[in-house]
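Quick notes on the structure that follows.
The chains referred to below are lettered A, B, ... by the order of the sequence lines, with proteins before strands, and numbering in each begins at 1.
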Number of protein chains: 2
Amino acid sequence: MAVLDERRPLYEIKANLFKGLAHPHRIRVLEILSAADEASVAEMLTATGLEASHLSQHLAVLRRYGLVVSERRASVVYYRLAHPQISELLRVARVLLGEILADTDSQRDLVAGLPTIPDAR
Amino acid sequence: MAVLDERRPLYEIKANLFKGLAHPHRIRVLEILSAADEASVAEMLTATGLEASHLSQHLAVLRRYGLVVSERRASVVYYRLAHPQISELLRVARVLLGEILADTDSQRDLVAGLPTIPDAR
DNA sequence: TGCTGAATTGATGTAATCATCATATCAGGG
DNA sequence: CCCTGATATGATGATTACATCAATTCAGCA
């Protein structure tokens, strides 16, 4: 398994989880799967507008990180979240981001990192 | 701000959030800050065992991603989570990982990605 | 068996991230 | 004012991730 490997220290496993989530295309895919429960590659292709091999590579990453599972029925491959909890995590992230960005609106440059650190690069 | 920038599509902002979290050292730092509310660089140095400049670089990443804020009092720099919700996100991730890894124990190779995909590389 | 559509893999170049080490800034005490 | 401890930045090389395009596998059908 290598990525979500329970023999590693927890903070490393956790970092790997986030690493799997750390790309906009992969977020889109996971949100599609959160909403639809299951989706074929073809469906995700039209939903995302990505080129086939590009999508496939990101799906491979998601598989490698143990975030999705796939199943071939006839000539179509269907993907599903490997764990329902993943959609929960995305939901929480969405809510928290909502709050964070709302904060940001009112205290924009506090959050911007510019004034708090003498010389933010 | 550039990283947690509300003008971008949401899935990109979300991916950036996860990108900031996608490293074991940074997870450790954030968990220290979740527990302690505030910590000096010196404290984090001893807590993590990292070399000073190495820790500093990761702190810079966390600042850049808007996940922490820092404040200098005398010659000591203190760090804090930029948003309390971040510790909430980590908490949720921890819980979910607990469940996922528990699953994994009983269905280890289902999660491993090996049997579900004909030729996992 | 040879096509065709669906999806994956491989190869390549480029860019981003990480670790290490050396150097720089910054505040306070001598 | 310079020294020291605390922290941050810069430069370098190594590794890993990303995008693009070509080639491959695989299932079903003519």
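- Of the residues near DNA chain D, B:Ser40 and B:Lys19, the one whose nearest nucleotide (by heavy atom distance) lies more toward the 5' end is B:Ser40.
- Within the structure, a side-chain polar atom (N or O) of A:His58 is placed less than 4.0 Å from OP1 or OP2 of D:dA19.
- In this structure, B:Leu45 places its CG atom 12 Å from C1' of D:dA8, rounding to the nearest Å.
- The shortest heavy-atom contact between B:Ile27 and B:Leu21 is CD1-O, 3.2 Å.
- Taking all atoms of both residues into account, the shortest heavy-atom contact from A:Leu81 to A:Leu33 is CD2-CB, 3.8 Å.
- Using a 4.0 Å heavy-atom criterion, one finds that A:Arg26 contacts the sugar-phosphate atoms exclusively.
- Atoms CD (A:Gln57) and C1' (D:dT24) sit 14 Å apart, rounded to a whole Å.
- Relative to the side chain of B:His23, the nucleotides D:dT9, C:dT8, C:dC18 differ in distance, and C:dC18 lies closest.
- B:Leu59 has its CG atom 10 Å from the P atom of D:dT9, to the nearest Å.
- Rounded to whole angstrom, the span from the CZ atom of A:Arg72 across to the C1' atom of C:dA7 amounts to 6 Å.
- If you measure from atom CG of A:Leu50 to atom P of C:dA7, you get 14 Å, rounded to the nearest angstrom.
- Rounded to whole angstrom, the span from the CD atom of B:Glu51 across to the P atom of C:dA19 amounts to 11 Å.
- Geometrically, B:Arg72 does not engage B:Tyr78 in a cation-pi contact, judged by NZ or CZ lying under 6.0 Å from the ring centre and within 45° of the ring axis.
- Of the N and O atoms on the side chains of A:Tyr79 and A:Arg63, at least one donor lies less than 3.5 Å from an acceptor on the other residue.
- Of the candidate nucleotides D:dT9, C:dT8, C:dT17, C:dT17 has the atom nearest to the side chain of B:Tyr65.
- Looking at heavy-atom distances under 4.0 Å, A:Ala52 makes contact with a base.
- Regarding contacts with the backbone of D:dT7, every side-chain N or O of B:Arg73 stays at 4.0 angstrom or more from both OP1 and OP2.
- If you take NZ on B:Lys19 and CD on B:Glu12, they are separated by 8.5 Å, rounding to the nearest 0.5 Å.
- With C:dT8, C:dT17, C:dA7 as the choices, the nucleotide that has an atom nearest any side-chain atom of A:Tyr79 turns out to be C:dT8.
- As a whole-Å value, the separation of A:Tyr78 OH from C:dA6 P is 11 Å.
- Taking atom CZ on B:Arg64 and atom C1' on C:dT17, their separation rounds to 10 Å, with Å as the unit.
- Listed nucleotides D:dT9, C:dT8, D:dT7 differ in distance to B:Ala60; the shortest reach to its side chain belongs to D:dT9.
- Of the listed nucleotides (C:dA7, D:dT7, C:dA19), D:dT7 has the atom at the smallest distance from the side chain of B:Val41.
- No hydrogens or angles were tested; on distance alone, nothing pairs the side chain of B:Ser75 with the base of C:dC26 as donor and acceptor under 3.5 Å.
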